[in-house]
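Note sheet for the following structure.
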Amino acid sequence: MTASYPPLRDIPPEEPPLVRTTPLPNPLRDVRDRRLPRVPGPCALVVFGVTGDLARKKLIPAVYDLANRGLLPPGFAMVGFARRDWGDGDFAELARKAAQDGSRTGFRDDVWARLSDTIRFVPGAFDDDQAFDTLAQTLISMEETHGIQGNAAFYLSIPPAMFPVVLKQMQRTRMADNSQRGGWRRVVVEKPFGHDLQSGMDLNRLVDEVFTAKDVFRIDHYLGKETVQNLLALRFANTMFEPVWNGNFVDSVQITMAEDVGIGSRAGFYDTAGAARDVLQNHVLQLLALTAMEEPVAFDAEAIRTEKTKVLGAIELPAELEHYAVRGQYDQGWLGGQRVVSYVDEENVPKTSTTETYAAVRLNVETRRWAGVPFYLRTGKRLPRRVTEIAVVFKKAPHLPFAKTDTEELGHNQLVVRVQPDEGITLRFGSKVPGSSMEVRDVSMDFLYGEAFTESSPEAYERLLLDVLIGDATLFPRNEEVELSWKVIDPLEEFWAGSKPARYRAGEWGPREADEMLARDGRVWRRP
Ligand code: BG6
């Protein structure tokens, strides 16, 4: 008997993809490929700031991995732009090293050989008119040489202060204008999306002057993580979670984004930002929005962004910020068996810095679904381990027909979405302890991505770059989301301005004040 497959939703390109990989010895592969032939059309990817950390560690490896998976189109070109006295070969060399060091799918010479043929480099500073004229010309000539058909995505992997000058150059040379050459023109903007509401709005206005809103892709790489997308599958593809996903059953929600690393060599940026601007404003609030939003009417950009926007607009900070907003800075301590220095002793951090490396806050989402349910958010560096999770903590059963002594070790039911590492979901509930008494104790049931599926998860940047080239904005926040998120963060920053952060020892779960914040509400932080 032959299996029948659902009809193709996308039309595969007529020509073979840029690089074909050897089929995996997986009997399901054909089925998957028929369902998801998401290959973009011909296009160029222009990366500004190609010598920077992000480009080397994430973007170039992601482009290589897409090539290795056969997901780049035949008419593809990658153009690097940076202030270096380089030719195409020098950039290709940097890209090769970046791909070798960072590839997820394994480096292969044949894949590289084909990809490196598509690489071009345009040297120049951002205020150099001639360099931008050359870039515009390069894109035009690539229609002939590479068959990019006038399509181009511009990735701004550059310091935010440089955005205005680069955008103006694109406007001047009409590179952003697709009426010139046909095809599409898109721009990818990396966070930080401003420093506060005002600068976020200024940035949005600037980008919107040069590109049409539908062509602007703001990257929040957390939305590219499989587990974050799985939150939507968990909630909206199943029947058993949604009925209890509200204030009638949920006691509280805890969202944790913890890192064991310090600030590395990013003092210049980090010391002017701090944990709230760097992570709460974007990654953590996006996780909250996906956790709290209503079901979208369709799984597309418009519907999902609309629902997230409603949640972000319904967030309220508590009146008593002195009790429900805590920021901290790490002191020296021990992590992974090594002594680590305090934040103010990190390279290039001023000794008097009061920037927070930890932030925790209690928020409310003022909707019928979530009225009265506190959302506790926390993020920090130099915490004991790298872990991101969303824990939905349920109310206790209103009545327990067991002896009190038998339920002493029964806690709240919890559903924990483990974003990273150990990607998966844990359900915690009470279970009878074997034996003659009716003792009930908490147990955990785990779903682990690594065990349930044979295919490994694409890197967030791999997924998001592919979406940009395809033109699918579902996983990219739109400008209202950015502005609403600043409306949550600005009052916190104002409240903290001029005060000193609480201290915590590197390797501990944040300052004592953060524990007190939950204790005030009769709760405790989860130990992830
Ligand atoms: C970035 C922040 O957006 O996310 C960094 O600027 C942080 O400070 C990083 O370290 C964490 O990303 P991930 O994917 O490693 O959890």
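For clarity, every value in this text was computed on a predicted model and none was experimentally measured. Counting starts at 1 for both ligands and their atoms, in listed order.
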Looking only at protein heavy atoms, identify the closest one to [atom] and say how far it is in Å.
atom                    : result
atom 15 (O) of ligand 1 : R386 NH2, 3.2 Å
atom 8 (O) of ligand 1  : D278 OD2, 2.6 Å
atom 5 (C) of ligand 1  : R266 NH1, 3.4 Å
atom 12 (O) of ligand 1 : H221 NE2, 3.1 Å

Worksheet item: Between K191 and F193, is NZ or CZ placed under 6.0 angstrom from the six-membered ring centre and within 45° of the ring axis?
Response: no
Fill in: Donor on one side chain, acceptor on other, N282 and Y222, under 3.5 Å
no
Worksheet item: Any luck finding a side-chain donor-acceptor pair between R382 and T357 under 3.5 Å?
Response: no
Item to complete: Evaluate the ring planes of F91 and F121, with Trp represented by its six-membered ring, and classify them as parallel (under 30°), tilted (30 to 60°) or perpendicular (over 60°).
Response: tilted
Practice prompt. Please state whether the rings of F241 and W245 are parallel, tilted or perpendicular, taking 30° and 60° as the class boundaries.
Written response: perpendicular
Only heavy atoms of [X], strictly under 4.0 Å: list the atoms of ligand 1 that pass.
X    : value
H283 : 1 (C), 3 (O), 4 (O)
K225 : 13 (P), 14 (O), 16 (O)
K381 : 5 (C), 7 (C), 8 (O), 10 (O)
Q420 : 13 (P), 16 (O)
M257 : 11 (C)
K191 : 1 (C), 2 (C), 3 (O), 6 (O)

Worksheet item: For ligand 1, is there an atom lying under 4.0 Å from some heavy atom of Y222?
Response: yes
Discussion item. If you measure every N or O of E259 against every N or O of ligand 1, does any of those distances drop under 3.5 Å?
Written reply: yes
Discussion item. Please check if the number of heavy atoms outside K500 that lie under 6.0 Å from its NZ is greater than 12.
Written reply: no
Worksheet item: How long is the gap from CE on M162 to CD on Q169, to the nearest 0.5 Å?
Response: 12.0 Å
Worksheet item: Can you tell which of V210, D127, V187, L156 makes a side chain to side chain contact (heavy atoms under 4.5 Å, CB included) with V166?
Response: L156
